[in-house]
Amino acid sequence: MHGWPSPKLHLGNYGFLFTDPLYISSYLYSIKVAAVSTLCCLLIGYPMAYAISHASPTWRTVLLMMIVLPFWTSFLLRVYAWIGLLKNNGGDQQHPDVFRDHPRAVVDAAE
């Protein structure tokens, strides 16, 4: 076929990744960002875990809820977004060419 690239597999491409300054600086920056974010998580997480483990049972529950509640909120918002898309007269009904061939029986049974 004319016009299509014919990829050739060889180790020269990997050599280019490790010798090109752009890729090297990108790798080093990614490692730097990963190290800084890991350090920040450790500096915040360990004192918080220590405080929770040494708190009274009442405060322990409150502190754990302060940590877990944002995750629940995010999950709940995603669930409601999917419900809005998959319900009758939802986004999939208004644009059927985008959302075709999905099982409607599961959604209809939930209503």
Side-chain angles (χ1 to χ4, degrees):
M1 292 187 344
H2 297 289
W4 289 93
S6 58
K8 293 186 171 110
L9 300 175
H10 53 85
L11 297 177
N13 294 332
Y14 291 106
F16 177 73
L17 286 175
F18 294 114
T19 57
D20 185 41
L22 176 66
Y23 287 113
I24 292 172
S25 66
S26 296
Y27 292 146
L28 293 176
Y29 182 73
S30 296
I31 290 171
K32 177 183 168 186
V33 168
V36 168
S37 64
T38 300
L39 183 64
C40 289
C41 288
L42 290 174
L43 289 175
I44 294 170
Y46 272 109
M48 184 63 123
Y50 182 81
I52 290 172
S53 67
H54 286 81
S56 67
T58 304
W59 276 105
R60 187 177 303 148
T61 304
V62 171
L63 292 172
L64 284 173
M65 287 302 294
M66 288 173 57
I67 292 172
V68 173
L69 195 61
F71 295 106
W72 286 352
T73 305
S74 171
F75 176 73
L76 189 64
L77 288 173
R78 279 185 277 146
V79 166
Y80 277 114
W82 276 111
I83 288 173
L85 283 174
L86 297 177
K87 71 178 182 178
N88 291 338
N89 298 327
D92 65 332
Q93 297 296 318
Q94 295 170 5
H95 304 285
D97 54 327
V98 176
F99 299 99
R100 70 179 92 127
D101 299 330
H102 60 75
R104 295 288 307 175
V106 174
V107 177
D108 292 336
E111 293 180 349

Can you name the residues that form a side-chain contact (heavy atoms from CB on, under 4.5 Å) with F75, not counting sequence neighbours? R78, V79
L77 atom CG, over 12 foreign heavy atoms within 6.0 Å: yes
Side-chain heavy atoms under 4.5 Å apart, restricted to Ile/Leu/Val/Met/Phe/Trp/Tyr: what other residues fall into the cluster of [X], or is it alone?
| X | value |
| --- | --- |
| V68 | M65, L69, W72 |
| L39 | L43 |
| L42 | Y46 |
| I67 | M48, I52, W59, V62, L63, L64, M66 |

So, the side chain of T61 versus the backbone of P57: is there a donor-acceptor pair under 3.5 Å, distance only?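 Confirmed, T61 side chain pairs with P57 backbone.
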Going by atom type alone, with no hydrogens or angles, which donor-acceptor pairs under 3.5 Å involve a side-chain atom of residues 19-26 and a protein atom two or more places apart or on another chain?
residue : atom : partner : partner atom : Å
T19     : OG1  : G15     : O            : 2.9
T19     : OG1  : F16     : O            : 3.4
S25     : OG   : P21     : O            : 3.2
S25     : OG   : L22     : O            : 2.9
S26     : OG   : L22     : O            : 2.9

hydrophobic_cluster_shared for I83 and L76, side chain cutoff 4.5 Å: yes
